[in-house]
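Numbers for residues simply follow the sequence, beginning at 1. Just follow the structure's listing: the first ligand is 1, and inside any ligand the first atom is 1. Atoms considered below: every heavy atom in the structure, side chains included; atoms not considered: hydrogens, waters and symmetry mates. Since this is a predicted model, take the numbers as computed values, not measurements.
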Amino acid sequence: MNAQKTLPSYLEQSQQVRERFDRMKSREVILKVKSLGKTFETQKRETVALKDINFETYRREFLCIVGPSGCGKSTLIRILAGLETQTSGEVLLQGKPVRGPGRDRGMVFQGYTLFPWLTVKRNVMFGLEVNNAGRLEAETQALQWLQLIGLEKFADAYPHQLSGGMKQRVAIARALANQPRILLMDEPFGALDAQTRTRMQAHLLEIWRKIDITIVFITHDLDEAIYLADRILVLKPHPGEVQELIEVPVPRPRQMDQFISEEFLTTKARLEELIYSSEAHGEEGEEPYPMMMRLAEVGDNVE
Ligand SMILES: Nc1ncnc2c1ncn2[C@@H]1O[C@H](COP(=O)(O)OP(=O)(O)OP(=O)(O)O)[C@@H](O)[C@H]1O
C-alpha cells in the first residue's frame, strides 16, 4: 500500500486565499517591469544575465524572487534600485521610469551595511538628514522607527555592539525611515543563524503588516520565500528568464506550523521541480566536477 498521500495542486486556492489575491490585484500597480534585458560584455564573453523579464507588483504586495545561482536575481534587484542600467526594456515605479537610485526605493542587502562609526540612532538619521530633514525632526523620526523595530533601547549603541539580527533590524529601520514606496531586499537574512533568521522573518512580516510598503525580496531559501511571499517569481539561468510567477496558496496570517501544511508542501514541490530542473544544467562556464581518485584503503568505507 502506498502510504504517501498525493498533494493537491499548488494552483488550487481556498476561497479566502482567492479573495485576498483579488483584493491585492485591485490595488495600484507600484512597480512594472517591461521586457527587461541585461547583457554583460567582458573581454572573454557576453553574458545574457536577464532576457525579456516582465512582471508587476501591487501596492503592499510581498514578492519574493528565487532561482538558481547565476539566474540574474541580484542583477534584477540592482536594476530596480537604479544601481545598474538595463540593456533593454524599462522599469516603471508608479508609472515613472527608474533612471537611478532614489528615496522612493529602500534597500537592505545581506552584508551589514551600517556605518560603524555612527550610533544606531545616527545611522537611521543619516538618510533623513541627507534628504534635508532638520536634525531634531530626523532624531524624532529615527526614534519612532527604532521603536517600531523594538530597538529604541539601543539608540546610542554602536553597530559592533549589536548581534547580526539586530544590525539587520537597524538596516531595515534605516531603509524605511525615508518612507520609500518599495523595499528591495537582497538575501537580507542570508548571513544569520537559522534561529535568528526565523525570528527575523516573522518580524519582517509584522513590519510589513503595519506600514504601507511593497516588498521585493530575493532569497535562495524556498521555505523563506513561501513563508513570506504573496507571489514568488521563479527565474531560470542562461539566460535569466521568468519561469513562473506563483501565487502562494498558503493563507495569511502565516505561522510556522504551516510549514507542514498541504498548501506549503505542494508549493515547495513545485518550486523544487522548477529550480532543480534548471539548476541541473549547471553554471555556465563552470568547470566540470572531477571523478575522484580513491586515496583511502579499499574496504575502509564510511558508508
Ligand atoms: N558585472 C558583471 N560583469 C559580467 N558578468 C556579470 C556581472 N554581474 C553579473 N554577471 C553575470 O550575470 C549572471 C547573473 O548574475 P547575478 O549575480 O545577477 O545572479 P544571481 O542569481 O544573483 O546569482 P547568485 O544567486 O549566485 O547570487 C551570471 O552569469 C553572472 O556571472
Side-chain angles (χ1 to χ4, degrees), residues 31 33-55 57 62-91 98-101 105-113 164 168 171 175 182-192 194 197 200-201 204 215-229 231-246 268 270-289:
L31 178 78
V33 173
K34 279 166 66 179
S35 312
L36 195 74
K38 175 72 184 180
T39 303
F40 288 106
E41 282 177 43
T42 56
Q43 283 171 333
K44 248 171 90 185
R45 61 175 165 193
E46 212 176 62
T47 305
V48 183
L50 296 170
K51 188 181 165 201
D52 196 27
I53 305 285
N54 291 284
F55 69 94
T57 56
F62 201 130
L63 180 84
C64 281
I65 303 178
V66 301
S69 194
C71 70
K73 301 182 291 296
S74 294
T75 303
L76 175 58
I77 209 156
R78 285 175 57 78
I79 294 174
L80 301 184
L83 299 172
E84 189 90 67
T85 46
Q86 64 269 34
T87 314
S88 56
E90 62 179 346
V91 176
V98 165
R99 304 226 190 277
R105 280 148 293 145
M107 288 244 23
V108 180
F109 298 96
Q110 175 173 343
Y112 308 124
T113 51
Q168 282 309 63
I182 188 159
L183 185 61
L184 303 169
M185 308 184 87
D186 191 354
E187 292 264 5
F189 307 147
L192 304 177
R197 186 171 186 147
M200 285 296 292
Q201 290 162 355
L204 180 63
I215 300 184
V216 175
F217 186 108
I218 289 184
T219 180
H220 269 104
D221 182 333
L222 303 184
D223 288 330
E224 180 169 77
I226 303 168
Y227 176 63
L228 295 175
R231 295 187 299 167
I232 302 176
L233 186 76
V234 187
L235 299 181
K236 69 163 220 26
H238 316 306
E241 283 179 308
V242 174
Q243 272 197 299
E244 193 170 342
L245 184 54
I246 294 179
K268 189 160 176 191
R270 176 59 180 164
L271 288 173
E272 282 172 343
E273 186 182 316
L274 289 170
I275 288 171
Y276 298 138
S277 67
S278 63
E279 216 168 38
H281 301 293
E283 179 80 17
E284 198 179 67
E286 192 184 30
E287 289 300 312
Y289 292 96

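- F40 has its side chain within reach of E84: a pair of non-hydrogen atoms, C-beta onward, lies under 4.5 Å apart.
- Residue contact check for ligand 1: G70 places a non-hydrogen atom closer than 4.0 Å to it.
- The structure places CZ of F189 at 7.0 Å from CG of L228, a figure rounded to the nearest 0.5 Å.
- Using a 4.0 Å cut-off to heavy atoms of H220, the atoms of ligand 1 that qualify are 25 (O).
- The backbone and the side chain of T75 each have at least one atom closer than 4.0 Å to an atom of ligand 1 (non-hydrogen atoms only).
- Here's the thing with S74: one of its N/O atoms is less than 3.5 angstrom from an N/O atom of ligand 1.
- Partners of D223 by side-chain contact (heavy atoms from CB on, under 4.5 Å), not counting sequence neighbours, listed by chain and number: D221, F259, F264, K268.
- Proximity of L76 to L36: side-chain heavy atoms (C-beta onward) are separated by under 4.5 Å at one or more points.
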Query - From CA spacing to verdict: side-chain contact (heavy atoms from CB on, under 4.5 Å), L235, V242 - result: CA-CA 5 Å; L235 299 181; V242 174; 3.9 Å; yes

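- Within the listing of ligand 1, atoms 19 (O), 21 (O) sit less than 4.0 angstrom from a heavy atom of C71.
- For ligand 1, the polar-atom distance check finds no N/O of F40 at less than 3.5 Å from any of the ligand's N/O atoms.
- Nearest-residue assignment for atom 25 (O) of ligand 1 (options R78, K73, H238; heavy-atom criterion): K73.
- Residue contact annotation: G240 has no non-hydrogen atom under 4.0 Å from ligand 1.
- Looking at heavy atoms from C-beta onward, R270 lies out of side-chain contact with V234 at the 4.5 angstrom threshold.
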